[in-house]
There are 2 protein chains.
Amino acid sequence: MARRSATEVAGSRAQTLDAAVQLASLVGLEGLTIGGLAERLGMSKSGLVGRFGSKEKLQLATLDQAADIFRRTVYEPTSATPPGLARLNAICDAWVAYLGRPPFPGGCFLTTAMVEFDGRPGPVNDAVKNVMRRWLALLEREATTAIENGDLPSGTDPADVAFTINALAVGTNCDFQLNRNHSSLQRARRAMAAALAQ
Amino acid sequence: MARRSATEVAGSRAQTLDAAVQLASLVGLEGLTIGGLAERLGMSKSGLVGRFGSKEKLQLATLDQAADIFRRTVYEPTSATPPGLARLNAICDAWVAYLGRPPFPGGCFLTTAMVEFDGRPGPVNDAVKNVMRRWLALLEREATTAIENGDLPSGTDPADVAFTINALAVGTNCDFQLNRNHSSLQRARRAMAAALAQ
DNA sequence: ATATATTGCGGACGATCGTTCTGATTATCG
DNA sequence: CGATAATCAGAACGATCGTCCGCAATATAT
């Protein structure tokens, strides 16, 4: 008994992944179950598996989708801002806004995935590492420009700047998700500003 | 009550909890299974359940044990240091050392528990909140003293200081667990020092 | 010494997990 | 139009999950 059409049961692959991201942001990338997602999509488990092949491949696709959303929400809006310190501050602003009104419930997807898979070697672990590496490299690049422009002290290690901003971001996400208190966001912004005003 | 040896299978309750903490630090507080811990202890599942009553009670007891270990490793060694900025720096030192050679594998137990349960209301969520609240209150108390002593600018919000140190700590743990690179620890210490040198 | 309470084991339960196979339905192409 | 390829539902599988029950063994109390 076909509902709608054979292929377009629960929408396109992109719609499937959007639902996966939303669900996984609440229960984690490991807590994301085939049966749970299938039910949410109104399709069968086997049908869902047919689309991705295995749970691990579903996790990888979901992580990719989340990374895309993160990039569009945090990186890209700052492309109009001049590189260097100004863009670094714009990224921090975008991040705090992203945390206050995340495109999916459950807070920062990448933080959860990082904690879930930091001790389990495998393809998902590798993928998480790559995403974080690109994010840190982006921060470091802007920090380098800021130092070249004289907007940060000349002795500054750009990797230190990237590390600090990222650590504050990840730590802020944990605090905010736990307490759901918007003062966390204000404190985070102040802490980031202070770190960039050394 | 009787401790010691109806069968003396896996030692005392404290030994059981030590094993639980070690296991949960690797697989998380939710990934900590009755069967897995029982096997590790060389006892049966039902015997283990008899000790705690349910998985949730086991999680609560394990969290308490981890919080005790954290307190003994990070707080207490700094009790000899004068309150205020000096003790704040000592706590940061102790924290970084704790991260580099944690009393259990898998990094900071509380960070994992925080991420795992931040979206699941219940007794475990409440317990995690309490532990974090005490930890932040301790940091804030030292920050207040530091401000009173004139070691931090008079306009500083002590809660901001506590927030920043904690966020850096949590974020550092995530970075370090993912990449296993000791440079994270050095960067963390520098970031904390910079935050305390405003 | 007898009675009671405590403790742990083996086994079983229902539920859910990821995965696989078969068959029916639909889309695509010659 | 008919043949081929793709897609999804249904059912079942072995494994593992948390929990519960009955029974045997031990420790404590009277």
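Just so it is clear: chains get the letters A, B, ... in the order the sequence lines come, proteins before strands, and each one is counted from 1.
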Query raised in the report: What parts of residues 52-60 of chain A reach DNA chain C, counting only heavy atoms under 4.0 Å away?
Result: A:Ser54, A:Lys55

Requested in this report: Take the protein atom CG of A:Leu48 and the nucleotide atom P of D:dA9, then report the distance between them rounded to whole Å.
Outcome: 9 Å

**Report entry** Gap separating the CG atom of A:Leu168 from the OG1 atom of B:Thr172, nearest 0.5 angstrom
**Finding:** 8.5 Å

**Report entry** Given D:dC8, C:dT19, C:dC9, the nucleotide with the shortest approach to the side chain of B:Met43
**Finding:** C:dC9

Requested in this report: May I have the distance from A:Ile34 (atom CD1) to C:dC17 (atom P), rounded to whole angstrom?
Outcome: 10 Å

Query raised in the report: Roughly how many Å is it from CZ in A:Arg13 to P in D:dC8, rounded to a whole number?
Result: 12 Å

Report task. Indicate whether OP1 or OP2 belonging to D:dC17 is found under 4.0 Å from a side-chain N or O atom of B:Thr33. Result -> yes

Report task. For the pair B:Ser154 (side chain) and B:Gly150 (backbone), establish whether a donor and an acceptor sit closer than 3.5 Å, ignoring hydrogens and angles. Result -> no

Query raised in the report: Among D:dT19, C:dG11, C:dG18, which nucleotide sits nearest the side chain of B:Val49?
Result: D:dT19

**Report entry** d(NZ, A:Lys45; C1', C:dC17) in whole Å
**Finding:** 7 Å

Query raised in the report: Judged by atom type as modelled, is there a donor-acceptor pair below 3.5 Å linking the side chain of A:Gln65 to the main-chain atoms of A:Val21?
Result: no

**Report entry** Distance in Å, A:Lys55 NZ paired with A:Leu29 CG, rounded so as to fall on 0.5 Å steps
**Finding:** 8.0 Å

Query - Residue met sooner reading DNA chain C from 5', once A:Ser46 and A:Gly36 are mapped to nucleotides - result: A:Gly36

Report task. Could you tell me whether the phosphate oxygens of D:dT7, OP1 or OP2, come under 4.0 Å of any side-chain nitrogen or oxygen in A:Arg51? Result -> no

Query - Spacing between A:Glu30 atom CD and C:dG18 atom C1', to the nearest angstrom - result: 11 Å

Show me the side-chain donor-acceptor pairs of residues 96-112 of chain B shorter than 3.5 Å, one per line, residues at least two apart or across chains.
residue  : atom : partner  : partner atom : Å
B:Thr112 : OG1  : B:Cys108 : O            : 3.4

Query raised in the report: For A:Tyr75 and A:Arg134, which heavy atoms make the closest approach, and how far apart are they?
Result: OH-C, 4.3 Å

